[in-house]
Amino acid sequence: MTKVSMTVNGRAVSGDVEGRTLLSSFLREGLGLTGTHVGCDTSQCGACVVHVNGQPVKSCSVFAQDVAGAEVKTIEGMANADGSLSVIQQAFQDHHGLQCGFCTPGMVMSAAALLKENPKPSEQDVRHYLEGNICRCTGYHNIVKAVMAASGQDVSQIAAE
Amino acid sequence: MHNFDFVKPSSIADAVKAMGQDGAQALSGGQTLIPTMKQRLAAPSVLVSLTGIKEMQGVCMGEGGLHVGAATPHAIVAREAKSHYPALAALAGGIGDPAVRVRGTIGGSIANNDPAACYPSAVLGSGATVVTNKRKIAADDYFQGLFTTALEEGEIVIEVVFPIPEKAAYVKFNQPASRFALTGVFVAKFASGVRVAVTGASQNGVFRWTDAENALGRSFNAQMVSGLTVDASEMIGDLHGTPAYRANLVKVLTSRAVAAAG
Ligand SMILES: Cc1cc2nc3c(=O)[nH]c(=O)nc-3n(C[C@H](O)[C@H](O)[C@H](O)COP(=O)(O)OP(=O)(O)OC[C@H]3O[C@@H](n4cnc5c(N)ncnc54)[C@H](O)[C@@H]3O)c2cc1C
Ligand code: FES
Ligand code: FES
């Protein structure tokens with residue numbers, strides 16, 4: 001076991017890990033932050049996306065020790081300081097961007113990364129950026145709509161499907 | 001996944017030393033190796049992370065062209081190579097998805113030499129040089145078939161040096177489920193001639209389509225490809241496409257790449 005330290009959602013944390021401990025396992029089992037979901041565990045589905053030093057990363061495909069010292073942000077760190085939902089999260093609720101919710105943490109983290117890079121994306125930009133996030137419920141339409149709405153764009157012309 | 005000792009050296013010298021241990025293997029972005037280890041198809045006893053080595057990071061112009069550090073993630077190449085070698089930057093920006101591009105690296109991609117990977121076509125199509133801790137390897141000697149390269153046990157790719165062509169383009173026909181190339185073609189026009197490298201199509205991995213190179217060397221025009229035929233006998237056949245389908249894609253994508261290169 002090796003001690004690993006990092007900052008998660010603004011809080012300094014540390015824990016004992018093995019070489020093979022994935023960032024997803026460290027977050028979920030080590031820190032109890034079970035908001036990060038593991039869907040495929042093979043870097044295909046994006047449910048486990050978190051931010052590492054501000055960039056989206058599939059936490060099932062990086063070892064905890066490889067990101068020692070990094071700033072990590074998970075879905076638990078997305079709400080506003082007063083506990084209310086962030087703009088992106090609220091938009092997912094308002095536009096019915098989730099059904100079972102399993103993909104949602106990864107979707108929200110990827111969407112946040114997109115909007116930081118591209119504050120006013122086109123519908124095509126959103127679909128393209130979310131290519132690595134798979135949803136088995138919604139058919140994506142309302143997810144795209146939610147992300148467009150979160151960017152402050154008028155989505156009234158995007159039909160509900 | 002079997003357990004292992006994780007080491008993260010900060011210099012090439014220390015990485016080479018760590019790679020000398022029994023059962024050691026290099027880890028770069030982990031986008032291929034970690035899933036492979038989960039399937040127990042790889043079980044290194046020591047994993048040597050290359051992501052902490054500054055000398056292996058980044059993109060810069062230098063002797064022989066554009067130097068890309070082996071541990072440079074695709075997202076950085078997409079951004080920083082843009083003004084020097086736009087076709088290479090565009091290729092890097094089209095690999096996988098945003099999260100894969102944040103971690104996955106050129107060194108990992110060409111060490112792995114997946115038959116459907118994008119980078120091998122740019123390296124071969126540009127006539128780039130693969131620089132390791134031991135030697136410099138010309139792209140034509142480096143790729144040796146499916147998942148096979150000239151790399152020896154414990155050898156580490158340090159950087160790849162790309163000569164800059166007059167014109168170039170990469171056109172990828174996406175396999176939407178895996179986000180790899182169903183087939184992809186990289187075309188580069190140099191003063192000395194044209195190079196055409198094809199990925200995703202052949203059972204032997206990336207290859208140069210020399211008939212097209214000769215035709216395009218006479219005139220760099222998409223129509224030069226229309227009269228050529230591609231031998232389907234060595235092409236991959238799977239549920240996504242037959243060998244004949246891929247052979248046709250090679251031709252179509254080569255024309256498109258020539259047109260895109262302008
Ligand atoms: C969902 C998904 C989609 C993808 N789509 C594409 C795509 O469209 N096109 C494409 O080209 N690729 C694609 N990839 C592959 C990805 O882009 C990476 O390039 C690839 O995973 C290898 O790079 P890595 O840095 O992750 O290497 P790793 O997984 O860390 O290593 C791969 C292999 O290379 C060895 N290695 C790593 N670095 C070195 C080095 N410097 N010297 C010697 N050996 C080394 C390792 O030991 C290992 O055997 C995709 C991957 C995923 C998960
Ligand atoms: S759980 Fe990580 S990509 Fe699916
Ligand atoms: S809401 Fe169920 S997987 Fe996306």
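We name chains A, B, ... by the order of the sequence lines, and we start the count at 1 in each one. Predicted model, so just to flag it, every value in this text is computed and none were measured.
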Considering only heavy atoms, which portion of A:Leu22 lies under 4.5 Å from any heavy atom of chain B: side chain, backbone, both, or neither?
side chain
Which atoms of A:Asp41 come close to chain B, meaning under 4.5 Å heavy atom to heavy atom: side chain ones, backbone ones, both, or neither?
both
With chain B, which of A:Ser110, A:Gly46, A:Cys60 has the greatest number of heavy-atom pairs at distances under 4.5 Å?
A:Cys60
With chain B, which of A:Val49, A:Thr42, A:Val62 has the greatest number of heavy-atom pairs at distances under 4.5 Å?
A:Val62
Can you give me the closest heavy-atom contact between [X] and [Y], atom names plus distance?
X        : Y        : result
A:Gly19  : B:Phe6   : CA-CB, 4.2 Å
A:Phe63  : B:Met37  : CZ-CE, 4.2 Å
A:Glu131 : B:Arg179 : O-NH1, 3.4 Å
B:Lys8   : A:Asp66  : NZ-O, 2.7 Å

Of A:Val57, A:Val52, A:Asn53, the residue whose pairing with B:Val102 passes side-chain contact (heavy atoms from CB on, under 4.5 Å)
A:Val57
Pair B:Asp5 + A:Arg20, salt bridge at N-O below 4.0 Å:
no
Atom NZ of B:Lys82: over 12 foreign heavy atoms under 6.0 Å:
no
Can you tell me how far apart CG (B:Asp97) and NE2 (A:His128) are? Round to the nearest 0.5 Å.
9.5 Å
Using 0.5 Å steps for rounding, measure from the CD atom of A:Gln65 to the CG atom of B:Leu27.
11.0 Å
Counting heavy-atom pairs under 4.5 Å to chain A, which of B:Arg101, B:Gln31, B:Arg103, B:His2 comes out on top?
B:Arg103
